[in-house]
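Atoms within a ligand are numbered from 1 in the order they appear, just like the ligands themselves. All figures in this text were calculated on a predicted structure; none of them were measured in a lab. We're numbering straight along the sequence, starting at 1.
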Amino acid sequence: MGTERPEERTSRRDLEWWRNAVVYEVYPRSFADGNGDGIGDLAGLRSRLPYLRDLRVDAVWITPWYSSPQADGGYDVADYRSIDPLFGDLAEAERLIAEAREHGIRTIVDIMPNHVSDRHPWFRAALAAGPGSAERERFWFREGRGPNGDDAPTDWESSFGGSTWTRTTNADGTPGQWYLHLFAPEQPDLNWQNDDVRREHEDVLRFWFDRGAAGVRIDSAGLPVKDPALPDMRGVSGYVPGTHPHLDRDELHDIYRAWRRVADAYDEPRVLVAEVWLAEADRFAAYLRPDEIHTAFNFDFMTAPWDADRLRRVIRETLDTHSAVGAPATWVLSNHDITRPVTRLGRANTAFSFDAKSFGTPTDETLGTRRARAAALLAAALPGVLYLYQGDELGLPEAELPREALTDPMHFRSGGVDPGRDGCRVPLPWTADGRAFGFSSAADDTTASGPHRVRHDTAAAPWLPQPDDWGGLSVAQQLREPHSMLLLHRDALRLRRSEPAFRDDAFRWLEAPSPSVLAFARGDDVICIVNFGTHDLALEQDADILLASAPIVGGVVPPDTTVWLRTACSTAFISTAPIGIPSDGAQPE
Ligand code: NOJ
Ligand code: CA
């Protein structure tokens with residue numbers, strides 16, 4: 001608005017921090033252990049806030065820290081209003097949120113509307129109250145089918161494998177009703193037709209927003225509403241959008257509109273981030289309309305293979321889809337459910353799919369690391385929100401863990417076929433040597449601060465074993481290596497903050513010299529080039545190299561490399577001196 005004063009503009013930009021933030025995902029169990037029991041916790045995280053500040057992240061998304069039996073890494077909540085004693089307590093969570101903010105870091109907490117823990121008081125009450133009770137109405141209890149009700153009420157399959165139904169046992173020991181769980185049996189699904197369920201979640205949002213949480217990440221956001229008729233899926237090959245029995249039902253939008261009203265009621269409006277996996281771009285974008293969810297994870301980008309054409313298409317579609325609803329795009333390379341980029345990009349099949357995970361997949365980690373570096377700079381150069389999963393800034397590979405160490409229900413419910421997600425959840429290495437590479441000794445090395453010292457010799461083993469060679473990937477080690485993955489990330493995030501070209505959404509594709517090259521401009525003077533090809537790419541003009549994922553010698557961009565350039569006038573640069581002249585096959589001079 002023409003009449004707006006400069007300070008008003010500044011403050012509005014600050015309130016819109018979520019439009020181009022860098023959000024770092026913390027899996028607290030594996031980030032840093034402050035009390036030496038081998039399990040990451042809030043004390044450990046607090047002691048490492050300076051690390052996150054120096055990395056220049058704008059926010060942390062902390063995966064569930066609430067009281068939980070931990071049947072699915074905390075995605076089975078027994079009480080949203082208390083912190084699991086494994087991690088600390090509520091007072092410490094409040095301190096953490098406040099301290100993070102003092103470091104310029106906002107906190108996003110995780111909310112799971114689809115389910116709670118089977119230890120949640122509501123579910124215990126539902127079991128105790130029996131069929132037909134109001135307590136059971138908060139969930140999906142049904143009689144079984146077939147003789148004696150021995151068959152599950154529907155043929156639905158859980159995303160963790162097996163049926164989505166588990167049968168209860170009556171007080172007298174006879175088989176009882178079944179209850180629905182799209183995930184593990186320890187995660188009963190809630191019934192969003194029930195008013196208690198709606199009210200309770202809005203209260204939980206307020207509970208955390210009142211404690212300073214800047215936003216919530218909405219777990220499995222496309223799943224909570226079910227078709228009350230509970231139809232079978234057998235024989236149905238496709239659905240009219242909005243009519244699938246439990247995915248992306250139209251009624252979800254009302255729920256999130258109500259959540260948005262809760263979020264908007266704060267002086268600094270709180271932010272909603274959705275985990276929603278959907279194939280149809282328009283259905284996905286519908287969640288991001290101005291009165292619904294602010295942003296959602298870009299899984300098309302995350303799962304795409306390392307291929308220029310595919311990524312060009314994904315980026316183009318992402319930007320189109322989001323601009324249609326005025327929402328910022330997000331760029332996500334991995335999270336706590338996904339094979340680490342260094343591993344995924346070092347395999348023959350670089351696309352990610354849950355179905356394709358298997359033990360012993362051949363992997364070239366050197367190649368994967370090279371590509372992960374290039375991918376990191378590609379993602380960081382795109383307009384919108386950047387997500388970074390803990391440990392990716394260190395280039396940690398997916399750990400191949402011994403079977404006896406695995407804990408993930410996804411592994412067990414696949415009958416041991418799926419390796420599960422433990423491999424991307426191994427505790428971080430902070431120091432080059434020492435017990436657990438500093439994971440359990442947050443203040444015993446030069447990279448930490450804070451009062452939570454434990455002695456190396458008394459700390460318990462980390463909850464998942466770290467590979468023996470992870471000292472070389474530790475924070476302390478990488479701080480000493482000028483070209484480390486960690487320092488590449490620090491440089492990238494520093495430039496993302498300081499370069500005016502990265503501050504708004506201005507994005508323009510540039511003509512690339514070969515189909516295996518992506519090139520685009522940000523603002524007036526920054527260019528990002530990614531060489532996916534197998535041949536070197538020569539830069540013909542002397543542009544300033546801002547940052548590169550691999551050494552650029554004599555203006556040559558090698559394969560699997562991203563470079564950020566500054567050039568005074570990107571249009572002239574492209575029209576008079578195209579980037580990368582040699583066709584594939586030609587060698588630069
Ligand atoms: C998605 C979460 O990211 C994952 O870790 C969890 O197992 C499921 N939702 C169920 O809550
Ligand atoms: Ca601990």
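In this structure, F354 has its ring center no closer than 6.0 Å to that of F160.
Taking a 6.0 Å sphere around CD of E157, one finds it holds 12 or fewer heavy atoms contributed by other residues, nucleotides or ligands.
Among all protein heavy atoms, the one lying closest to atom 3 (O) of ligand 1 is D337 OD2, 2.5 Å. Counting protein heavy atoms only, atom 2 (C) of ligand 1 is closest to D219 OD1, 3.2 Å. For atom 6 (C) of ligand 1, the closest heavy atom belonging to the protein is D72 OD2, 3.4 Å.
Under the side-chain hydrogen bond (donor to acceptor under 3.5 Å, both in side chains) criterion, H244 pairs with no residue at all, not counting sequence neighbours. Here T63 pairs with nothing under the side-chain hydrogen bond (donor to acceptor under 3.5 Å, both in side chains) rule; sequence neighbours left out. The salt bridge (Lys or Arg N to Asp or Glu O under 4.0 Å) check on E275 picks up R217, with sequence neighbours excluded.
Put simply, CG on L127 and CG on D118 are 8.0 Å apart, with the number rounded to the nearest 0.5 Å.
For the side chain to side chain donor-acceptor pair (under 3.5 Å) test with H181, the passing option among T166, N114, D76, T164 is T166; the others fail.
In summary, the side chains of Y80 and D203 do not present any donor paired with an acceptor at a separation below 3.5 Å, with no hydrogens or angles considered. Donor-acceptor pairing under 3.5 Å is lacking for the side chains of T343 and T363.
In H181, neither the side chain nor the backbone holds a heavy atom less than 4.0 Å from any atom of ligand 1. With a 4.0 Å heavy-atom cut-off, ligand 1 is reached by no atom of M410. At a heavy-atom cutoff of 4.0 Å, ligand 1 is contacted by the side chain of R217 but not by its backbone. Neither the backbone nor the side chain of W277 has any atom closer than 4.0 Å to an atom of ligand 1 (non-hydrogen atoms only).
Atoms of ligand 1 found under 4.0 Å from any heavy atom of S220 (numbered from 1 in listed order, with element): 9 (N). Close contacts between ligand 1 and R421 involve ligand atoms 4 (C), 5 (O), 6 (C), 7 (O) [criterion: under 4.0 Å to a heavy atom]. Every atom of ligand 1 is numbered from 1 in the order shown, and the set under 4.0 Å from a heavy atom of F183 is 8 (C), 10 (C). Under a 4.0 Å criterion applied to the non-hydrogen atoms of R425, ligand 1 contributes the atoms 5 (O). Close approach of ligand 1 to E275 is summarised as follows: ligand atoms under 4.0 Å from at least one heavy atom of the residue are 1 (C), 3 (O), 9 (N). Close approach of ligand 1 to F160 (heavy-atom distance below 4.0 Å) involves ligand atoms 7 (O).
No heavy atom of G73 sits closer than 4.0 Å to any atom of ligand 1.
With a 4.5 Å cut-off on side-chain heavy atoms, V77 and I111 do not count as touching.
Remark: R260 fails to qualify as a cation-pi partner of Y256 under the 6.0 Å distance and 45° angle criteria applied to the six-membered ring. At least one cation-pi condition fails for R142 and W165: the charged atom is not both under 6.0 angstrom from the six-membered ring centre and inside a 45 degree cone around its axis.
Considering only non-hydrogen atoms, atom 10 (C) of ligand 1 lies nearest to H115 out of H115, E25, M112.
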**Q.** Chi angles and distances behind the ring-ring contact (aromatic ring centres under 6.0 Å, His included) call for Y389, W61
**A.** CA-CA 9 Å; Y389 173 48; W61 149 34; 8.2 Å; no
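Listing protein N, O or S atoms at distances below 3.0 Å from the Ca ion (ligand 2), with waters left out, gives D33 OD1, N35 OD1, D37 OD1, I39 O, D41 OD2.
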